[in-house]
Each structure stands twice: as C-alpha cells, then as structure tokens.
J.: 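Pasting in a structure now, in structure tokens, and then I'll have a few things to ask.
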Amino acid sequence: MLKDTFGQLVFNDAVMASRLPRETYEEYLRCLNTDAELSPEAADVIANAMKDWALEKGATHFTHWFQPMTGVTAEKHEGFIAPVAGGGVLTEFSGKELIKGEPDASSFPSGGLRATFEARGYTNWDPSSYAFIKDGVLCIPTAFCSYTGEALDKKTPLLRSMEAIDKEAKRLLKALGITDVKKIYTTVGAEQEYFLIAKEDFEKRKDLRFTGRTLFGARPPKGQDLEDHYFGPVKPRVAAYMRELDEELWRLGVPAKTRHNETAPSQHESAPVFETANIATDHNQLTMEVMKRVAAKHGLVCLLHEKPFAGVSGSGKHNNWSLSTDTGVNLLSPGPNPYTNTRFLLFLAAVIKGVDEYGDLMRISIASAGNDHRLGGHEAPPAIVSLFLGDDLTEMLKCIAENRPYASVGGAKIETGVHILPRFEKDTSDRNRTSPFAFTGNKFEFRMPGASMSVSDPTLILNTIVADALQGFAEEIENSRDISAAVKKLISDTVSEHGKVIFNGNNYSSDWIAEAEKRGLPNYKNTAEALPHLTDEKNIGLFVRHGIFTASELHSRREIYLENYCKTVSIEALTMLDMARQEILPAIAKYAGALAAAGKDIAASGAESPLKKDLEHLCKLYRDGSERVENLENALFAAHARGFGQAAARLYAEQVLGAMRDLRVVADEAELSVAADYWPFPAYDKILFDVN
Ligand code: ADP
Ligand code: MG
C-alpha cells in the first residue's frame with residue numbers, strides 16, 4: 001500500500017522520533033530550527049541509530065551524497081565494517097563519519113579554487129535533508145567545500161541563499177508588525193520533462209550516446225503537428241515505466257504526484273508536490289537518477305537533454321517557487337483581497353524589483369549548451385527574462401501607484417454553456433504558457449531551466465535577488481514613521497521603476513523581442529554571451545552583500561561553466577565529425593554506387609537511365625558534405641587552440657555551432673535522398689514513435 005511504501009527507505013522525521021532518545025531527537029530539531037550546533041555526543045547517537053536502521057534495511061555501505069559542479073550527484077561508498085582481531089567484523093559508523101567526509105577534491109571541477117587552495121575537500125552533513133537508502137547504500141546528503149570553506153558544490157550556496165531570504169523576509173515582516181514568524185522557507189516544486197526512447201535506437205546512434213541529443217536527423221512527416229500526444233492516453237510500455245518510477249520515488253520519499261504525456265511524441269512529465277527548496281533540489285537530482293535507472297530496466301532510455309530532437313519541443317524543468325512561513329502562510333498568496341493585503345503586495349513588489357534588477361542573473365542561472373537549443377525554440381520561452389502577472393494584478397498595482405480606485409475583475413464565474421457542468425470561479429490570473437516567469441496564483445513558475453540541470457542555481461538566484469529587494473524595503477519601512485504611506489510609496493516606486501519587466505502578452509512573438517529591446521531588457525542569445533556577466537560588478541556586489549558567494553567563488557563558477565560549455569560543444573562537434581566521416585559520407589557513397597551500378601544495368605538493357613539526376617544530386621551532397629566536414633574541423637581546431645575561457649566560448653557559439661548547423665543541413669538532406677536501408681542509424685520517425 002502507498003501509505004506503507006512511501007518513505008520506506010528514508011531516515012525521516014518519524015523514524016528519528018521513534019529511534020532516537022528523546023533528548024537527542026530534540027537536540028537535532030533545535031539544530032535544524034535555530035543556530036544551535038549539534039554536540040559530538042548527539043552526532044554519535046544519530047550515526048549509530050542511522051547505521052542500525054540502514055543495516056536492518058539491508059544496507060552494507062554508506063556514502064556522503066553530494067552535488068559537485070558537474071551538475072550530477074557524486075558518491076563514494078564506504079563499508080560499515082571494521083575488522084576486529086580474530087577475524088571477525090564489527091559494524092561501525094561514528095558521528096564524526098556522519099558529519100564530515102574527505103573525498104579527494106582534485107577530481108571535481110573547482111574553477112581555479114584548487115590552484116590557490118588545497119586539493120583537500122570536505123563533505124559536510126546537511127541535517128535538513130533526510131538520509132536514504134539507494135541500492136543498499138545509506139546516502140547522506142552533504143555539502144561539499146574546500147579546505148578553506150569555499151563552496152565547491154550546488155548545495156552550499158543554495159543553503160546560504162535560503163538563510164539570506166529567511167533573514168530579510170523576517171526583517172520585513174517584523175517591520176510590518178508581524179512578529180510570530182520564526183522561520184521562512186523557500187518552497188520549490190520542480191516539474192520534470194523527459195523523453196523516453198527505445199534502448200535499441202539509442203544504441204545505434206553515437207550522437208545520443210555521447211551527447212544526449214541527436215546531431216543529425218531530418219524532420220519526420222509527422223511530428224507534433226496534430227498536438228495529439230499532449231495529455232493523451234499513456235501507452236502501455238510507458239505506463240509500466242511510469243508506475244515503477246513512481247513506486248521507486250515514493251520509497252525514497254520523493255512525493256511524485258503528477259504524470260502525463262507532454263507535447264512532443266515520446267515526451268512525458270513527472271511533477272512532485274512542492275517541498276522546501278533544499279529537499280526539493282535533492283529530490284529532483286534523485287528523480288533524474290531514478291528516471292534513468294528505471295528506464296534501463298524497461299529496455300528504454302530516458303533522455304533529459306534540453307533538446308534531443310531538432311524541430312520538436314525541448315524539455316524544461318519548470319521551477320515553481322514561493323515562500324512560506326513556519327506559521328503556514330504562503331507569502332505569495334494574494335488571499336481574498338489582494339488590494340488591501342500589504343504583506344502580499346510587498347512580497348510581490350520585491351519579486352518584480354528583483355527580477356528587473358537581476359533578470360540577467362536568472363538568464364545566466366539557466367545557461368547551458370543544451371538549453372541554448374531550447375530557449376526561443378518550439379514551445380519554450382525566449383532568452384529574455386520578463387514577468388507575467390496577469391491583467392488583473394497588473395491593473396491593481398497600477399491603481400495603487402496612480403492613486404486610482406480598483407475594481408477587481410476576479411471572482412467571475414466560468415460559463416461553459418453546459419448546465420450539467422458545475423460552475424467554478426475563474427483564477428484571477430490566466431495561465432500564460434509563453435512567459436519565462438509567470439505568477440500562477442500563489443507562486444512563480446520559472447520556466448527557463450532546462451530538463452537536465454539542477455534546480456539549485458535558478459532557486460538560489462531567485463532567493464538572493466528577492467532577499468536583496470526585501471532588505472531595501474525593510475530599511476525603508478523601518479525608517480519611516482507612517483508605515484502605510486511607506487508601503488504605498490514602495491509599491492508605486494516599484495511599478496514606475498521596474499514595471500518594464502512585466503509583460504502579459506505573447507512572449508513567443510517577434511514583436512516582443514523588439515519591444516523588450518526598447519524596454520532595455522537584456523537578451524543574451526546564448527551561453528557564451530550570458531556567462532561572462534556572472535561577474536559583472538553589480539552581481540558580485542549582490543552575492544557578497546548577502547553572503548552567497550565570495551568574489552573568488554563567483555569567478556570560479558564562471559570558469560567552470562565556461563569550460564563546461566566549451567567541452568560540451570567540442571564533444572558534440574567531434575561526434576558529428578565522426579558520424580559524418582564514418583557513417584554518413586560512406587552511406588551516401590554506397591548508395592550512389594548502387595545507383596550507378598543500377599544505371600549501368602539499365603543502360604546495358606538499351607533503355608535510357610532515369611537515374612542520372614539522382615546520382616548527380618548524391619555526388620553533390622557528398623562533395624558539400626565533405627567540404628563542410630572540413631570547415632567544421634577547422635572551426636573546431638581554432639576553438640581548441642583558445643582553451644576554455646570566454647574567447648573560446650564565443651568561438652564555439654559562433655563558429656563551431658555554425659559549422660555544425662551547416663553540416664547538418666547537408667546530412668539531413670542526404671538522409672531524405674538515400675534509401676532507408678542504406679541509412680546508418682535510426683531516423684526521427686522511428687525513434688519518436690517506437691515506444692508503444
Ligand atoms: P502545472 O503548472 O503543470 O499546471 P501546478 O500549477 O498544479 O501544475 O503545479 C506545478 C508544481 O507547482 C507542482 O510541483 C506543485 O507542487 C508546485 N507548487 C504548488 N504550490 C507551490 C508553492 N507554494 N511553492 C512551490 N511550488 C508549488
Ligand atoms: Mg507548470
């Protein structure tokens with residue numbers, strides 16, 4: 001039963017409450033909710049209880065489970081055993097081992113932090129995320145930092161940002177006279193899109209195997225044109241996969257809730273119930289891992305790349321984000337009367353201000369080689385950050401700013417014209433599917449993150465930019481004698497200074513791109529353009545102000561991301577060259593040879609050969625193809641010579657990817673000109689419609 005299996009493999013609150021001595025459990029809770037530190041004695045007791053529990057569940061090893069800058073999780077297993085004299089073994093796990101691990105940091109990207117500091121790295125237990133058992137290994141969620149405490153991972157800055165927004169939001173509430181709130185949590189619900197394809201198709205394509213996306217492939221006669229896949233019935237093989245995926249996730253305590261088909265054929269989505277940002281991030285990492293593992297069991301491969309197939313919808317990861325208090329209040333909930341809800345209005349204004357001032361950081365937080373193919377593509381928001389509020393809320397803010405009375409259009413009933421259907425109230429904001437950052441009733445939905453990335457970066461950016469705005473607001477209110485006048489002024493100022501980031505129209509239209517430029521909103525078209533701005537002076541100032549990153553941590557991240565971008569494109573280019581030379585050009589030659597032979601036979605029979613034109617076309621494709629292979633090779637050579645920095649990234653973005661596009665055009669035309677039997681790997685129509 002679901003109730004019994006959910007969280008079966010998690011050392012969660014209920015397990016701790018039942019297995020820890022009362023005073024240890026209380027000390028643990030105190031540590032979680034206040035600044036108190038856990039005593040070594042309590043750590044020993046918790047470690048021991050964790051070990052006993054894990055052994056009972058069949059675990060043999062433990063690992064500090066962490067999230068280095070590679071974007072995936074890392075683990076190094078340690079057996080629980082300690083040999084004793086006489087040949088026996090003891091099972092052992094101390095508080096010290098629970099709290100601190102020392103993996104060799106030199107194997108993980110550090111972006112220069114390693115050169116200046118020691119290679120040693122520490123993993124540090126994160127007691128706010130429960131330990132769990134995966135494949136017989138007790139996994140302990142941990143942060144990962146250098147010898148001198150600099151963050152080498154994605155968890156540390158996220159935790160710092162959660163503390164920053166907790167601090168500033170509480171300060172603002174206090175200024176408003178709300179004093180019963182002890183803690184404010186960032187909540188996140190990460191909707192995960194993915195493709196599911198047959199393993200046999202995957203195996204036959206080097207591009208999918210090495211890069212996670214197809215680098216070649218002509219458009220199939222039927223793609224997603226009929227829109228018949230979205231929310232359509234789930235095919236049996238996929239249904240079996242989804243069932244097992246959910247069961248595995250539930251055992252691991254991941255609250256997977258919604259599952260359905262997505263827009264493109266073979267594309268699906270899984271969404272959990274939202275949780276505290278840190279846990280939601282851990283759970284999303286776990287979800288991606290389990291998705292891949294369960295797929296393998298079903299003879300399938302789960303693709304998490306942002307754009308596995310050109311011309312077909314890409315996969316994103318909608319990051320639903322909000323703030324909630326320990327007293328159970330969602331701070332972005334408008335309540336029945338938003339117009340007079342000062343708290344809501346101020347938090348909303350803080351988001352607007354943050355997004356306008358630091359939209360560049362939001363853009364940077366989701367920049368990757370994979371996501372570049374998705375942003376601005378089919379069914380995805382463009383790379384310009386704007387904010388959707390809906391006409392109702394926008395009008396309301398304007399009324400406040402302009403001192404006009406406001407009449408809500410909300411609360412209207414939906415009329416379906418069918419009297420047996422119950423009537424329900426309209427939401428005050430309509431869903432705008434095209435906005436990159438949309439207010440959806442009581443949370444914001446950040447739709448730019450790509451399917452394969454950790455939600456840590458986008459979440460920590462949202463936390464930090466909103467914390468910064470909240471800090472400014474709190475100062476204003478603290479220093480004013482008339483709170484309501486100060487609030488009104490803050491809202492009016494926000495609307496007039498930052499209203500330009502609000503856009504309720506169609507973000508996919510070309511008009512918007514021109515309009516955004518007029519409004520002065522940045523439009524960084526690719527990762528190479530976006531990443532260097534991470535260390536703009538204003539951004540360093542922001543992160544340092546709130547203790548999220550030091551300047552050197554930020555520079556190191558910039559280096560890591562740039563290097564990652566260059567390497568990703570380089571691997572793609574090399575894979576393309578390989579496929580073109582070893583598979584595609586030979587296939588064209590072979591088919592041309594077959595046509596030539598057939599032409600000879602026909603000529604020998606005395607009839608006039610009709611094949612000449614096709615043959616000439618194939619020869620031209622071969623010639624163009626090999627020429628473009630050479631161009632790509634040259635572009636790649638030039639990029640390689642520049643290393644991995646900003647200049648190299650630009651070369652990859654402009655020259656290498658350009659040469660890749662050119663080569664692809666010829667190859668895709670060849671695919672349509674060569675007989676299917678001769679084509680060396682499965683085509684789009686087969687891959688996209690193979691799983692039933
Ligand atoms: P969709 O956007 O697909 O229509 P929903 O809006 O119902 O779906 O929810 C999407 C995600 O938003 C879910 O993961 C849900 O748990 C999450 N969510 C709902 N409320 C909050 C909140 N207050 N904070 C963060 N995430 C939330
Ligand atoms: Mg959504």
Side-chain angles (χ1 to χ4, degrees), residues 194-224 229 235-238 240-241 264-268 291-315 369-370 373 451-452 568-594 618 621-622 625-626 628-629 632 660-661 663-692:
Y194 61 98
F195 277 84
L196 216 49
I197 65 169
K199 187 154 195 291
E200 56 179 42
D201 292 336
F202 175 85
E203 295 289 350
K204 289 184 190 136
R205 294 197 59 133
K206 269 191 196 161
D207 48 5
L208 284 175
R209 276 167 45 221
F210 296 148
T211 74
R213 75 175 177 112
T214 54
L215 300 167
F216 298 103
R219 275 204 67 154
K222 177 178 189 280
Q224 59 200 58
H229 186 69
K235 292 170 179 163
R237 213 169 148 197
V238 176
Y241 167 81
S266 282
Q267 193 187 27
H268 316 280
M291 278 181 159
K292 290 188 175 164
R293 197 147 41 97
V294 173
K297 284 207 227 164
H298 290 250
L300 301 166
V301 173
C302 172
L303 301 177
L304 293 175
H305 193 282
E306 282 75 19
K307 196 77 176 175
F309 305 98
V312 173
S313 278
S315 296
H373 299 288
S452 71
T568 305
V569 181
S570 170
I571 292 169
E572 289 184 347
L574 287 168
T575 306
M576 246 188 150
L577 287 171
D578 215 85
M579 289 172 79
R581 278 206 201 97
Q582 299 183 357
E583 299 179 275
I584 295 173
L585 290 174
I588 300 175
K590 205 165 158 192
Y591 185 56
L618 286 173
L621 287 172
Y622 191 98
S626 35
R628 290 177 191 203
V629 161
L632 175 54
M660 285 166 66
R661 264 192 300 276
L663 173 56
R664 179 174 182 149
V665 171
V666 175
D668 290 357
E669 200 185 331
E671 184 183 331
L672 299 174
S673 311
V674 167
D677 286 354
Y678 285 75
W679 201 247
F681 38 75
Y684 271 25
D685 52 358
K686 169 134 173 36
I687 305 174
L688 286 169
F689 295 94
D690 223 9
V691 180
N692 283 299

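All heavy atoms count here, side chains included; hydrogens, waters and symmetry mates do not. Since the structure is predicted, the reported quantities are computational estimates derived from the model, not experimental observations.
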J.: Checking His268 now: which residues fulfil ring pair (Phe, Tyr, Trp, His ring centres under 6.0 Å) with it, not counting sequence neighbours?
T.: Tyr194, His229
J.: Which pair of heavy atoms, one from Asn692 and one from Pro236, lies closest together, and at what distance?
T.: C-CD, 4.0 Å
J.: Are Glu572 and Leu215 packed together at the side-chain level, in the sense that at least one heavy-atom pair is separated by less than 4.5 angstrom?
T.: yes
J.: What's the shortest heavy-atom distance between Asp201 and Ile687, and which atoms?
T.: OD2-CA, 3.7 Å
J.: With respect to Tyr591, which candidate in Tyr622, Tyr678, Trp679 satisfies the ring pair (Phe, Tyr, Trp, His ring centres under 6.0 Å) definition?
T.: Tyr678
J.: Test your reading of the model: is there a side-chain donor-acceptor pair from Gln267 to the backbone of Ala264, 3.5 Å cut-off?
T.: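 Checked: pair present.
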J.: Report the distance from atom SG of Cys302 to atom CZ of Arg293, rounding to the nearest 0.5 Å.
T.: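 These two atoms lie 12.5 Å from each other.
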J.: Which atom names give the shortest non-hydrogen contact between Val569 and Ala369, and what distance separates them?
T.: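 That would be CG2-CB, 4.2 Å.
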J.: Taking all atoms of both residues into account, what is the closest heavy-atom pair of Phe681 and Lys204, and its distance?
T.: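 For Phe681 and Lys204, the tightest heavy-atom pair comes out as CB-O, 3.5 Å.
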J.: For Val312, is there any backbone N or O sitting under 3.5 Å from a side-chain donor or acceptor partner on Arg219?
T.: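 A pair under 3.5 Å: no.
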J.: Side chains of Leu304 and Ser315: does their closest heavy-atom pair fall under 4.5 Å?
T.: no
J.: Less than 4.0 Å between a side-chain N and a carboxylate O, is that true for Glu203 and Lys199?
T.: yes
J.: Using 0.5 Å steps for rounding, measure from the NZ atom of Lys292 to the CG atom of Leu303.
T.: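 The CG atom of Leu303 is 8.5 Å from NZ of Lys292, to the nearest 0.5 Å.
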J.: Look up atom CE in Met660 and atom OG1 in Thr575, then write down how far apart they are to the nearest 0.5 Å.
T.: 8.0 Å
J.: When rounded to the nearest 0.5 angstrom, what distance separates CG in Asp207 from CZ in Phe202?
T.: 9.5 Å
J.: Is the side chain of Arg664 donor-acceptor paired with the backbone N or O of Gly217 at a distance under 3.5 Å, no angle test?
T.: yes
J.: Give me the atom names and distance for the closest heavy-atom approach of Ala573 to Leu632.
T.: O-CD2, 4.0 Å
J.: Would you say that more than 12 heavy atoms from the other residues, nucleotides or ligands in this model lie under 6.0 Å from the NZ of Lys235, or not?
T.: yes
J.: Parallel, tilted or perpendicular: which describes the rings of His305 and His373, with under 30° parallel and over 60° perpendicular?
T.: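 Answer is tilted, since the angle falls between 30° and 60°.
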J.: Going by heavy atoms in the side chains, are Leu196 and Ser266 under 4.5 Å from each other?
T.: no
J.: Less than 4.0 Å between a side-chain N and a carboxylate O, is that true for Arg213 and Glu306?
T.: no
J.: One thing to verify: whether Lys686 and Glu200 come together as a salt bridge, which I'm taking to mean a side-chain N less than 4.0 angstrom from a carboxylate O.
T.: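 Looking at Glu200 and Lys686, the cut-off is met.
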J.: With ring-ring contact (aromatic ring centres under 6.0 Å, His included) as the criterion, how do Tyr684 and Phe689 come out once you've worked through the C-alpha distance, each side chain's angles and the decisive distance to 0.1 Å?
T.: CA-CA 8 Å; Tyr684 271 25; Phe689 295 94; over 10 Å; no
J.: Between Ser313 and Phe195, what is the shortest heavy-atom contact and its length?
T.: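 Closest heavy-atom pair between Ser313 and Phe195: O-CZ, 3.4 Å.
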J.: With rounding to the nearest 0.5 angstrom, report the CZ to CG distance, Phe210 to Asp578.
T.: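 Phe210 atom CZ to Asp578 atom CG measures 7.5 Å (nearest 0.5 Å).
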J.: Hey, are the side chains of Val665 and Arg628 touching, using non-hydrogen atoms and a 4.5 Å cut-off?
T.: yes
J.: Using side-chain contact (heavy atoms from CB on, under 4.5 Å) as the criterion, point out the one residue from Leu300, Leu688, Val301, Asp690 that pairs with Ile197.
T.: Val301
J.: Hey, what do you get for CZ (Phe216) to NZ (Lys206), rounding to the nearest 0.5 Å?
T.: 11.0 Å
